[in-house]
Asker: 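Below are the structure tokens for one structure; questions will follow.
Here the structure is a predicted model, which means the values were calculated and not measured. A note on names: the letters A, B, ... follow the listed sequences, proteins ahead of strands, and every chain is numbered from 1.
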Amino acid sequence: DAGVIQSPRHEVTEMGQEVTLRCKPISGHNSLFWYRQTMMRGLELLIYFNNNVPIDDSGMPEDRFSAKMPNASFSTLKIQPSEPRDSAVYFCASSLAQLGGELFFGEGSRLTVL
Amino acid sequence: SQQGEEDPQALSIQEGENATMNCSYKTSINNLQWYRQNSGRGLVHLILIRSNEREKHSGRLRVTLDTSKKSSSLLITASRAADTASYFCATVGGTEYGNKLVFGAGTILRVKS
């Protein structure tokens, strides 16, 4: 299995631009999670989906952030407009279990907003 | 907060020595997991211990869980330079916490060869 695939691995953009991060979960996994990692705040759960349906988006910092999962093999996290404080590494993870099970992480997308 | 807290924040040892990392948490949990993160990479699951288990082994890893003290420890025996990484504990709380996996701040382990 190829594992969780994220793109892009690195993104540098200017404040105000739209950023779209992409994730392909492991085939057969029915739960998908978006995390954000920063030095100051550590790993934060932004949103998770079960069977393509958003279950809990309470971790999404503000309306500038949105996430979709149009099918079982693809999810996007969009930031519009981006701000310098959004600079972080964004991880996608998938799991067989809805909650509480082992997570399989992608390699992350490192976002820098200038 | 449900969040686990690792101790120490950083640990530096010689190759061949044992490394022990501790995790404390504040709420009741369903299970506790340990993950490893190499620099610039994603997290990798190491081991899961359920709330009714006290000890679990996986290769050179030994995890203990003391629910009365709300703490867990991860022991890596006979460490290798390749064990250099950040180690995170993650707790799964009950329904009142949304059954979500919440990560601690991590312990940075450096194994010198």
Asker: Charged N to carboxylate O under 4.0 angstrom, B:Glu53 versus B:Arg50?
Answerer: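 No, no charged N to carboxylate O under 4.0 Å.
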Asker: In terms of hydrophobic clusters joined by side-chain contacts under 4.5 Å, are B:Ile108 and B:Leu61 together?
Answerer: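 No, B:Ile108 and B:Leu61 fall in different hydrophobic clusters.
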Asker: Checking heavy atoms, do the side chain of A:Leu103, its backbone, both or neither come under 4.5 Å from chain B?
Answerer: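 Contact with chain B: backbone and side chain both.
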Asker: Run the numbers on A:Thr13 and A:Ser82 for side-chain hydrogen bond (donor to acceptor under 3.5 Å, both in side chains), then give the verdict.
Answerer: CA-CA 8 Å; A:Thr13 190; A:Ser82 58; 4.8 Å; no
Asker: For residues 57-83 of chain B, pull every pair meeting salt bridge (charged side-chain N to carboxylate O under 4.0 Å, His left out), keeping only residues two or more places apart or in separate chains.
Answerer: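 Salt bridge (charged side-chain N to carboxylate O under 4.0 Å, His left out) check on residues 57-83 of chain B returns B:Glu55-B:Arg62, B:Arg60-B:Asp83.
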Asker: Which atoms of A:Tyr35 are under 4.5 Å from chain B, going by heavy atoms: the side chain, the backbone, both sets, or neither?
Answerer: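 Looking at A:Tyr35, just its side chain touches chain B.
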Asker: Measure B:Leu48 against the heavy atoms of chain A and call it side chain, backbone, both or neither at under 4.5 Å.
Answerer: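 For B:Leu48, the side chain is the part near chain A, not the backbone.
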Asker: Checking heavy atoms, do the side chain of A:Gln37, its backbone, both or neither come under 4.5 Å from chain B?
Answerer: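 Only the side chain of A:Gln37 comes within 4.5 Å of chain B.
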